[in-house]
Amino acid sequence: MITMDDIRSAANRIEDWALVTPVISVDRSAFGHPVILKLEHLQHTGSFKPRGAFNCLLSQPVPPAGVIAASGGNHGLAVAYAARALGVAAEVYV
């Protein structure tokens, strides 16, 4: 089970690598009630995925050969971005 301590640890691990993105409230929405939006599209690579990629690469030893990912989209882009930022070899298969 993931605990609050696990979440805090992950947040501390990635704080230097992930952007702090804004939260906005849309008072008048098509749903008839306020909607709160976290603007993760402003994150590196345009999604929330770099948060997980950085957390994974920073939370355990990376093999000398690097990392590998198979993705048709945001996950692969995030792994490539995080690996490059950390100086880790990566292969991404689309």
Side-chain angles (χ1 to χ4, degrees):
M1 176 188 297
I2 297 173
T3 67
M4 283 304 296
D5 285 340
D6 295 329
I7 294 168
R8 287 184 192 100
S9 293
N12 290 333
R13 245 189 313 279
I14 68 170
E15 70 181 343
D16 293 335
W17 302 100
L19 298 175
V20 175
T21 56
V23 175
I24 64 170
S25 178
V26 180
D27 292 329
R28 293 184 172 267
S29 73
F31 304 109
H33 53 81
V35 174
I36 298 172
L37 304 171
K38 176 77 165 129
L39 303 184
E40 284 294 285
H41 70 287
L42 300 174
Q43 191 62 256
H44 300 292
T45 76
S47 76
F48 66 91
K49 300 285 184 160
R51 295 180 183 280
F54 276 110
N55 186 50
C56 183
L57 293 176
L58 293 168
S59 65
Q60 55 198 340
V62 176
V67 296
I68 191 166
S71 168
N74 291 335
H75 172 69
L77 186 58
V79 169
Y81 176 80
R84 182 173 185 190
L86 297 172
V88 171
E91 289 186 35
V92 178
Y93 292 87
V94 178

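Quantities reported herein were computed from a predicted structural model and do not represent experimental measurements. If you read the sequence from its start, that first residue is 1, and numbering goes on from there.
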Partners meeting side-chain contact (heavy atoms from CB on, under 4.5 Å) with Ala90 (sequence neighbours left out): Val67, Ala83
ring-ring contact (aromatic ring centres under 6.0 Å, His included) involving His44 - partner list, sequence neighbours excluded: Tyr81
Side chain to side chain donor-acceptor pair (under 3.5 Å) contacts touching residues 82-94 (sequence neighbours left out): Glu91-Tyr93
CD1 (Ile7) with more than 12 external heavy atoms under 6.0 Å: yes
Which atom pairs, one a donor and one an acceptor, fall under 3.5 Å between side chains of residues 35-43 and the rest of the protein, sequence neighbours left out?
unit_1 : atom_1 : unit_2 : atom_2 : d
Lys38  : NZ     : Thr21  : O      : 2.5
Lys38  : NZ     : Thr21  : OG1    : 2.7
Glu40  : OE1    : Arg51  : NE     : 2.7
Glu40  : OE2    : Thr21  : OG1    : 2.3
Glu40  : OE2    : Arg51  : NH2    : 3.1
Gln43  : OE1    : Leu19  : N      : 2.8
Gln43  : NE2    : Leu19  : O      : 3.1

Co-members of the apolar cluster containing Val94 [side chain, <4.5 Å]: none
Under 4.5 Å side-chain linkage, directly or through intermediates, the cluster mates of Leu77: none
Contact list for residues 60-80, test side chain to side chain donor-acceptor pair (under 3.5 Å), sequence neighbours left out: none
Closest approach of Pro34 to Ser25 (non-hydrogen atoms, all atoms of both residues): CB-OG, 4.3 Å
Residue pair Ala80 / Val92: nearest heavy atoms and the distance that separates them: CB-CG2, 4.1 Å
Salt bridge (Lys or Arg N to Asp or Glu O under 4.0 Å) pairs, two or more places apart, involving residues 53-68: none
side-chain contact (heavy atoms from CB on, under 4.5 Å) partners of Ala85, counting only residues at least two apart: Trp17, Phe54
Pairs flagged by side chain to side chain donor-acceptor pair (under 3.5 Å) wherever residues 4-15 is involved - sequence neighbours left out: Thr3-Asp6, Asp5-Arg8, Arg13-Asn55
Hydrophobic cluster membership, Phe48 vs Ile14, 4.5 Å side-chain cutoff: no
ILVMFWY clustering at 4.5 Å (side-chain atoms), partners of Val20: none
